[in-house]
Number of protein chains: 2
Amino acid sequence: MYLMMKMNNKRSSKEKLIEAMADLLLEKGLASTSPRDILTRAEVGQGSLYHYFNGKEDLSLHAIKYNVEQLISCNTSVLNTDKNAYSKLSDLLLKYRNINRGCLVGQLARDRSIMENKELAAEVTRGFESMKQTLENLIKIGIAEGSISNVLAPLEAVTLIISTLQGAYISAKGLQDDSYFHLTINTLLKIFIP
Amino acid sequence: MYLMMKMNNKRSSKEKLIEAMADLLLEKGLASTSPRDILTRAEVGQGSLYHYFNGKEDLSLHAIKYNVEQLISCNTSVLNTDKNAYSKLSDLLLKYRNINRGCLVGQLARDRSIMENKELAAEVTRGFESMKQTLENLIKIGIAEGSISNVLAPLEAVTLIISTLQGAYISAKGLQDDSYFHLTINTLLKIFIP
DNA sequence: GTCTATACCAGGATAGAC
DNA sequence: GTCTATCCTGGTATAGAC
């Protein structure tokens with residue numbers, strides 16, 4: 001019965017609001033997203049927003065958590081394959097990545113309005129930490145099994161990977177040429193070929 | 001006489017406005033910077049803003065140009081030393097870089113309001129192209145003189161460097177730990193040791 | 001050129017009916 | 001729970017005096 005509710009594709013107004021906001025945070029950012037935008041996207045009335053949440057920032061917290069969970073579950077599904085560590089790394093950096101939408105947590109970290117709010121920032125940091133932990137484990141396994149080069153220590157490798165991934169979106173944006181995203185990631189991967 | 005004016009530290013209202021806006025774009029971004037913010041920072045009255053410029057976005061264009069010129073002249077001064085190419089690369093990535101202010105052009109590329117305006121975006125892209133060209137020349141010289149490793153082709157190297165630099169700011173922000181900025185840059189530099 | 005006053009609109013939230 | 005009406009504030013720009 002409870003499962004039925006979750007599986008039902010008729011989402012509640014509350015869910016619609018969270019998902020709409022989660023999208024909008026990636027698309028327009030917190031400051032530029034107005035209540036109007038949210039209501040239009042969610043297809044619910046204004047009453048619902050203020051019934052379920054204490055305003056925009058409160059809804060943001062739920063939306064950010066939603067995005068972080070999405071990222072984590074996405075990463076988990078990549079890890080649960082039987083490829084070698086290097087292939088998994090490649091998948092993490094290229095699969096499920098939409099250059100227009102940007103990184104699920106990176107976009108949030110770049111949002112000043114979000115990072116200026118301690119509560120919201122903490123949630124974003126949780127996402128980054130998770131990503132970092134996931135990558136660190138993966139690198140260690142890769143080095144052990146020989147599919148990933150050991151030129152860099154795991155922590156160095158992880159730091160480089162996360163930064164480069166985040167920056168790849170920005171370079172592509174700044175140069176106004178999306179091909180730089182893939183060029184960057186492919187170059188990055190090259191470094192880890194044993 | 002004309003030089004006198006330029007050397008005079010009594011800046012004109014117009015210059016004050018451009019410099020104030022240039023700062024604010026890095027600090028708060030375009031959308032979150034209001035005319036009030038600008039006037040306060042520039043210490044000029046409201047009349048001046050609309051006398052010299054056609055509103056906020058027009059002023060932004062001048063401010064962005066100002067920042068791009070700053071970056072270029074900054075880079076030029078690093079290149080005009082007699083260190084080897086590797087040392088210059090290291091200086092470019094670490095000197096004159098303020099983690100709180102962010103990259104002079106990277107911050108602008110991350111600003112949606114800026115990049116949505118074709119004219120403003122073009123100026124930001126000019127800054128990126130300049131950075132890219134500067135680095136590419138430097139890498140080629142470094143490879144030729146033997147101070148920079150040739151494991152990566154110049155274009156690959158440049159792409160990786162720019163992306164990683166930009167992403168380093170974001171990782172530090174997302175993880176809420178500035179030490180990741182330097183860890184990232186130092187790891188990046190390691191790759192280019194011959 | 002610079003100032004003050006004014007106007008207008010949008011963001012964000014509240015109140016009370018249904 | 002959801003809707004509509006209303007309200008307050010601040011961003012942005014204009015007008016006209018000096």
Side-chain angles (χ1 to χ4, degrees), chain A residues 2 5-6 8-64 111-120, chain B residues 2 4-6 8-64 111-117 119-120:
Chain A
Y2 294 112
M5 278 189 61
K6 287 209 169 187
N8 197 326
N9 59 7
K10 199 163 186 175
R11 295 166 300 150
S12 70
S13 289
K14 188 173 179 182
E15 289 169 324
K16 284 189 197 169
L17 283 164
I18 292 174
E19 290 170 23
M21 189 60 172
D23 271 357
L24 286 165
L25 286 180
L26 300 175
E27 209 171 290
K28 311 185 51 171
L30 178 54
S32 309
T33 296
S34 69
R36 299 177 86 81
D37 295 329
I38 302 166
L39 302 178
T40 304
R41 179 72 59 102
E43 295 179 302
V44 305
Q46 190 167 12
S48 304
L49 204 177
Y50 293 96
H51 174 70
Y52 291 112
F53 306 96
N54 288 324
K56 201 174 85 163
E57 302 235 324
D58 182 30
L59 171 56
S60 298
L61 179 60
H62 292 261
I64 290 172
D111 192 313
R112 283 175 243 250
S113 304
I114 289 176
M115 299 309 287
E116 276 165 4
N117 177 319
K118 280 183 98 76
E119 210 178 355
L120 302 184
Chain B
Y2 294 110
M4 281 291 284
M5 278 188 61
K6 285 209 168 190
N8 198 326
N9 60 7
K10 199 165 188 175
R11 294 168 300 150
S12 70
S13 288
K14 189 173 178 182
E15 289 171 323
K16 283 190 196 168
L17 283 164
I18 292 175
E19 290 171 24
M21 189 60 173
D23 271 357
L24 286 165
L25 285 180
L26 299 175
E27 209 171 289
K28 311 185 53 171
L30 178 53
S32 308
T33 295
S34 69
R36 297 177 87 81
D37 295 328
I38 302 166
L39 301 178
T40 304
R41 180 72 58 101
E43 296 179 303
V44 304
Q46 190 167 14
S48 305
L49 204 178
Y50 292 96
H51 175 70
Y52 290 112
F53 306 97
N54 288 326
K56 201 174 85 164
E57 302 234 323
D58 182 31
L59 171 56
S60 298
L61 179 59
H62 292 261
I64 291 172
D111 192 313
R112 283 175 243 251
S113 304
I114 289 176
M115 298 308 286
E116 276 166 5
N117 177 320
E119 211 178 354
L120 303 184

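Here is the naming used below: chain letters follow the sequence lines, and residue numbers restart at 1 for every chain. Atoms considered below: every heavy atom in the structure, side chains included; atoms not considered: hydrogens, waters and symmetry mates.
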*Can you tell me how far C1' of C/dG1 sits from NZ of B/Lys16, to the nearest Å?*
13 Å
*Return the 5'-most residue of the pair A/Gly47, A/Leu30 with respect to DNA chain C, ranking by each residue's nearest nucleotide.*
A/Leu30
*Any side-chain heavy-atom pair from A/Leu30 and A/Glu57 closer than 4.5 angstrom?*
yes
_Tell me if a side-chain donor or acceptor on A/Lys56 pairs with a main-chain N or O of A/Ile38 at a distance below 3.5 Å._
no
*Please report, rounded to the nearest Å, how far the P atom of D/dT4 is from the CG atom of A/Leu49.*
15 Å
*B/Lys56 NZ to C/dA10 P: how many Å, rounded?*
15 Å
*Could you state the atom-to-atom distance from CZ of A/Arg36 to P of D/dC3 in whole Å?*
15 Å
*If you round to the nearest 0.5 Å, how far is CE of B/Met21 from CG of B/Leu61?*
10.5 Å
*Would you tell me if any nitrogen or oxygen in the side chain of B/Ser48 comes within less than 4.0 Å of OP1 or OP2 on C/dT2?*
yes
*Using the side chain to side chain contact (heavy atoms under 4.5 Å, CB included) rule, pick out the option among A/Glu19, A/Lys16, A/Glu27 that qualifies with A/Arg41.*
A/Glu27
*Does the side chain of A/Ser13 get closer than 4.0 angstrom to OP1 or OP2 of D/dT2 through an N or O atom?*
yes
_Closest heavy-atom pair and its distance - A/Phe53, A/Asp58_ = CA-OD2, 3.4 Å
*Would you indicate, yes or no, if C/dA10 has its OP1 or OP2 atom less than 4.0 angstrom from a side-chain nitrogen or oxygen of A/Ser34?*
no
*Atom pair distance, as rounded to whole Å: OH in B/Tyr50 and P in D/dG11*: 11 Å
*Just call it for A/Thr33: base, sugar-phosphate, or nothing, with non-hydrogen atoms closer than 4.0 Å on any strand.*
sugar-phosphate
*Roughly, in whole Å, what's the span from CG in A/Leu59 to P in C/dG11?*
16 Å
*Atom-to-atom span, CG of A/Asp37 to P of C/dG12 - whole angstrom*: 9 Å
_Taking the minimum atom-to-atom distance to the side chain of A/Gln46, which one of D/dA13, C/dG1, C/dA13 wins?_
C/dA13
*Taking CD from A/Glu43 and P from D/dC3, how many angstroms apart are they, rounded to a whole number?*
12 Å
